[in-house]
Novice: 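One structure is given below, represented as structure tokens, and several questions about it will come after.
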Amino acid sequence: MKKKLAAMAVVGAALCMSTMMVSAEEDLITVGYAQVGHESDWRTANTQDYQNVFSEENGYELSLIDCDNDNAAQLEAVRNFIQQGMDYIIIAPIQSAGWDTVLQEALDAGIPVIIADREIEASEDMYDAWVGTDPHNEGVTAGNWLAEQLDGAEANILQIEGTVGASATIGRTEGFAEVAAEHDEWTILDSQSGDFTQDGGQAVMESFIKSYEGEFNVVVCQNDNEAYGAMDAMDAAGITYGADGDVILISYDATHDGLQYTLDGKINLDVECNPIQAETVKGVIEKMEAGEEFEARTLVEEQAFCAPGIESEYAVQMTQEILDGRAY
Ligand code: GZL
């Protein structure tokens, strides 16, 4: 909703101009976006997308706060948005838990809240809409692809998880485990958090190599940046991976560099998690502004990509054309 134009006394041309400028500013829809942080290429693409879409030219004044993967900072950012009287608040929740109190404060302030990207553990009547992806299905896709490729062969799996408590981590872990439970010939040797960062992925992989060198043939990284770190660690240890290597490497996100590695055969499978969500969120806000019905939940489309030469019903073989046509 637009803020009501305050009544203004117009004295001279200068004040008239400044009133017009203030009036133009007053016309902008104010949006506060409590962003997870800047931990990954995925996050960078998601932030850029919001800055592109919620622009002044499009009629918005975006206040995007990078909460640096700090849950307390994110709660504070949302409370500040409430105090500033934002027209809309968007939250990409670092953690799934702990949102009831601040959502009630937004409700009491009459500010619509849209949850984006990840999920929260709160009743759906505590916020107005959700736009995001399906990490559980992403995990199931990764598992089904692996089962298709192994065709009954043994798998000794190491998994580098995302940020502890994030719905993306929970969903991917549970989805993959659901498929793994159907395969007695699979063992998940270990599963540790790399916090969705490249440094985290490298540190966990280095630790895994110390404990399991020679025992594992599959590495699952819950985002591309962790995969880059794991690749560095395996390179340093002389462990081969990818389409022609000893270790099958699975990643999530399908960012540009992740798909380049997939095209090059270094990553066997990259399961997409689409960060381009801002236009969809803007569509929900526009319907709210117009007093129209809007979707309470909207899933953004995603697929999976595998290295060239790998036949699969669960993933598309990467090509240069696909890479050149990607938005991120
Ligand atoms: C997934 C998103 C995750 C990405 C990571 O929806 O929240 O956070 O998979 C990012 O790359 O850090």
Side-chain angles (χ1 to χ4, degrees), residues 33-50 64-71 73-74 90-97 99 114-121 130-142 159-176 191 193-204 220-231 249-262 267 269-278 280-281 297-305 326-328:
Y33 182 25
Q35 175 61 295
V36 166
H38 52 275
E39 73 288 354
S40 63
D41 295 3
W42 189 101
R43 191 63 53 196
T44 304
N46 179 264
T47 291
Q48 187 59 63
D49 183 45
Y50 272 85
L64 187 148
I65 302 295
D66 172 339
C67 300
D68 197 17
N69 243 356
D70 176 335
N71 198 49
Q74 188 165 52
I90 303 168
I91 304 170
I94 298 166
Q95 301 279 315
S96 301
W99 287 98
I114 296 171
I115 305 300
D117 173 19
R118 299 178 183 172
E119 302 266 8
I120 56 173
E121 292 161 12
W130 177 86
V131 174
T133 57
D134 182 348
H136 187 275
N137 186 56
E138 293 161 10
V140 169
T141 298
Q159 182 166 241
I160 303 177
E161 296 180 14
T163 300
V164 176
S167 63
T169 303
I170 296 164
R172 287 170 192 163
T173 303
E174 288 180 352
F176 186 81
S191 193
S193 172
D195 211 15
F196 283 137
T197 65
Q198 182 163 342
D199 289 348
Q202 181 166 349
V204 170
V220 180
C221 297
Q222 289 190 347
N223 85 331
D224 285 335
N225 295 82
E226 290 177 344
Y228 310 153
M231 288 156 74
L249 180 56
I250 294 172
S251 184
Y252 295 84
D253 280 354
T255 56
H256 180 275
D257 291 355
L259 290 181
Q260 180 67 67
Y261 281 121
T262 306
I267 290 176
L269 174 77
D270 204 343
V271 181
E272 182 180 26
C273 175
N274 188 348
I276 308 302
Q277 305 177 5
T280 305
V281 173
R297 286 181 63 83
T298 308
L299 268 177
V300 292
E301 285 189 18
E302 46 198 15
Q303 55 183 315
F305 303 88
R326 298 284 292 174
Y328 64 96

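Every number for a ligand or one of its atoms is a count from 1 in the order of the listing. We number each residue from 1, following the sequence as shown. Quick note: numbers below take in every heavy atom, side chains included, and nothing from hydrogens, waters or symmetry partners.
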Novice: Can you sort out the partners of Thr280 under side chain to side chain contact (heavy atoms under 4.5 Å, CB included), two or more places apart, ordered by chain and number?
Specialist: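 Thr280 satisfies side chain to side chain contact (heavy atoms under 4.5 Å, CB included) with Val131, Thr298, Val300 once adjacent residues are dropped.
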Novice: Tyr50: what forms a ring pair (Phe, Tyr, Trp, His ring centres under 6.0 Å) with it, not counting sequence neighbours?
Specialist: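 Ring pair (Phe, Tyr, Trp, His ring centres under 6.0 Å) list for Tyr50, sorted by chain: Tyr33, Phe54.
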Novice: Got a sec, which residues hit side-chain hydrogen bond (donor to acceptor under 3.5 Å, both in side chains) with Glu302, two or more places apart in sequence or on another chain?
Specialist: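 Once residues adjacent in sequence are excluded, Glu302 has no partner under the side-chain hydrogen bond (donor to acceptor under 3.5 Å, both in side chains) criterion.
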Novice: For Ser96 and Glu119, which I'm curious about, is there any donor-acceptor pair between the side chains at under 3.5 Å?
Specialist: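 No, no side-chain donor-acceptor pair sits under 3.5 Å.
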Novice: How about Arg43 and Asp117: do any of their side-chain heavy atoms sit closer than 4.5 Å?
Specialist: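 Of all side-chain heavy-atom pairs linking Asp117 with Arg43, at least one is under 4.5 Å.
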Novice: With a cut-off of 6.0 Å (strictly less than), are more than 12 heavy atoms of other residues, nucleotides or ligands near OH of Tyr261?
Specialist: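 Open.
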Novice: Tell me the residues surrounding ligand 1, counting only those with a heavy atom closer than 4.0 angstrom, sorted by chain and number.
Specialist: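 Residue list for ligand 1: Glu39, Ser40, Trp42, Arg43, Asp117, Arg118, Thr133, Ala168, Arg172, Phe196, Asn223, Asp253, Cys273.
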